[in-house]
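For reference, the structure is listed below as structure tokens.
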Amino acid sequence: MASTILKWTSCSAMKSMAGGLRIGATPFRAFAAKVEAGTDIVAAAPDVSLQKARSWDDGVASKFSTTPLKDIFRDRRVVIFGLPGAYTGVCSQQHVPSYKNNIDKFRDEKVDSVICVAVNDPYVLNAWAEKLEAKDAIEFYGDFDGSFHKSLGLEKDLSAALLGPRSHRWSAFVVDGKVKVLNVEENPSDFKVSSAEHILKQI
């Protein structure tokens, strides 16, 4: 088991600037204050729930039910990764496939669930997961209004790419609701520290 650590990017990318932490030119003071190693992810996002990927008909049948964070994280070993959005380039071509292709290694490490979360509705995520043939390996959850990412300080404005409010690209190892490892990419288009291969070394 890796020791409890907080890892954003390589140490060389981190700079102490005017009392706050910065990665590149982006201030991370608010992010650092909201989540770190040891943070209870359920307590950090009170009253927040996620929407499991499903078809529209399944949504209607379930009366558009949502899943409380405690049901996802409590008494479980979870690897969760967040990404800017379904059907986007790096997310489709690299990020999800890295976890899908390594699912047996996560199971060997006694990980109960590997979860992908994005600021998308659960219907889009369901179609995307089916397209990637990843639903048997990964659980997909929508954060349709960004509440989860905002609570953790992981929100990101990607209006320049015509995506609007989304999230950073990140990954975390969470045990019984407590964050053990957190990796956040410097830029949403980067794929360096949020991969399955990287976090497997940290478990």
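Donor-acceptor pairing under 3.5 Å is lacking for the side chains of S194 and N183. No hydrogens or angles considered: nothing links the side chains of Q51 and D121 as a donor-acceptor pair under 3.5 Å.
Linking ILVMFWY side-chain heavy atoms closer than 4.5 Å, directly or via other members, places L125 and F144 in two distinct hydrophobic clusters. In terms of hydrophobic clustering, with Ile, Leu, Val, Met, Phe, Trp and Tyr side chains grouped at heavy-atom distances under 4.5 Å, I103 and L132 are assigned to a common cluster. V111 and V96 fall within a single hydrophobic cluster, where Ile, Leu, Val, Met, Phe, Trp and Tyr are joined by side-chain heavy atoms under 4.5 Å apart, directly or via other members. Under the 4.5 Å side-chain heavy-atom criterion for Ile, Leu, Val, Met, Phe, Trp and Tyr, L154 and L158 are members of distinct hydrophobic clusters.
Using a 4.5 Å cut-off on side-chain heavy atoms (C-beta onward), L152 and I41 make contact. The shortest side-chain heavy-atom distance between I80 and F173 does not fall under the 4.5 Å cut-off. Inter-residue side-chain proximity for I203 and R77 is flagged as met; some heavy-atom pair is nearer than 4.5 Å. In this structure the side chain of V117 reaches within 4.5 angstrom of the side chain of F148, judged on heavy atoms. Residues E130 and N126 have side chains in contact (heavy-atom distance under 4.5 Å, counting atoms from C-beta outward). At a threshold of 4.5 Å between non-hydrogen side-chain atoms, the residues V193 and V184 do not count as touching. Using a 4.5 Å heavy-atom cutoff, the side chains of F140 and P122 are not in contact.
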*Going through the checks in order, is the side chain to side chain contact (heavy atoms under 4.5 Å, CB included) test met by I115 and I138?*
CA-CA 6 Å; I115 291 172; I138 301 168; 5.8 Å; no

*Please lay out, stage by stage, how S113 and R76 fare under the test side chain to side chain contact (heavy atoms under 4.5 Å, CB included).*
CA-CA 8 Å; S113 295; R76 307 180 76 232; 2.4 Å; yes

*For E139 and C116, what are the C-alpha separation, side-chain angles and deciding distance, and is it a side chain to side chain contact (heavy atoms under 4.5 Å, CB included)?*
CA-CA 6 Å; E139 296 178 25; C116 173; over 6 Å; no

*Does the pair I199 and Q202 meet the rule for a side chain to side chain contact (heavy atoms under 4.5 Å, CB included), with working shown?*
CA-CA 5 Å; I199 204 165; Q202 300 170 312; 3.5 Å; yes

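Remark: the backbone N or O of G85 is not paired with any side-chain donor or acceptor of N120 at under 3.5 angstrom. Without hydrogens or angle criteria, S62 side chain to G59 main chain gives a donor-acceptor distance under 3.5 Å. Under a 3.5 Å cut-off, the side chain of D71 and the backbone N or O of T67 do not form any donor-acceptor pair.
Around NZ of K135, the count of heavy atoms belonging to other residues, nucleotides or ligands within 6.0 Å exceeds 12.
Remark: D190 engages E185, E186, N187, K192 in a side chain to side chain contact (heavy atoms under 4.5 Å, CB included) (not counting sequence neighbours). Scanning for side chain to side chain donor-acceptor pair (under 3.5 Å) contacts around S189 gives an empty result, with sequence neighbours left out. Applying the ring pair (Phe, Tyr, Trp, His ring centres under 6.0 Å) test to Y123 and every residue at least two apart in sequence or in another chain returns W56. When the ring pair (Phe, Tyr, Trp, His ring centres under 6.0 Å) test is applied to Y99, the partners found at least two apart in sequence or on another chain are F81, H95, F106. For D40, the side chain to side chain donor-acceptor pair (under 3.5 Å) partners are R74, not counting sequence neighbours. Partners of T88 under the side chain to side chain contact (heavy atoms under 4.5 Å, CB included) rule, at least two apart in sequence or in another chain, are C91, L163. Annotation: side chain to side chain donor-acceptor pair (under 3.5 Å) contacts of S49 (sequence neighbours excluded): T66. A search for side chain to side chain contact (heavy atoms under 4.5 Å, CB included) contacts involving S167 returns V119, H149, W170, not counting sequence neighbours. Every side chain to side chain contact (heavy atoms under 4.5 Å, CB included) that E155 has, sequence neighbours left out, goes to K150.
Sorted by first then second residue, the salt bridge (charged side-chain N to carboxylate O under 4.0 Å, His left out) pairs that include residues 94-108, not counting sequence neighbours, are D104-R107. Among residues at least two apart or in separate chains, there is no salt bridge (charged side-chain N to carboxylate O under 4.0 Å, His left out) pair with a member in residues 43-65. For the salt bridge (charged side-chain N to carboxylate O under 4.0 Å, His left out) condition, no pair includes a residue of residues 163-173, sequence neighbours left out.
Taking CG of D75 as the start and CG of D176 as the end, the distance is 5.0 Å to the nearest 0.5 Å. Annotation: the span from S171 atom OG to H198 atom NE2 amounts to 7.0 Å, rounded to 0.5 Å. One finds the NZ atom of K178 at 7.0 Å from the NZ atom of K180 (value rounded to the nearest 0.5 Å). The line from CD of E197 to CG of N101 is 8.0 Å long, rounded to the nearest 0.5 Å.
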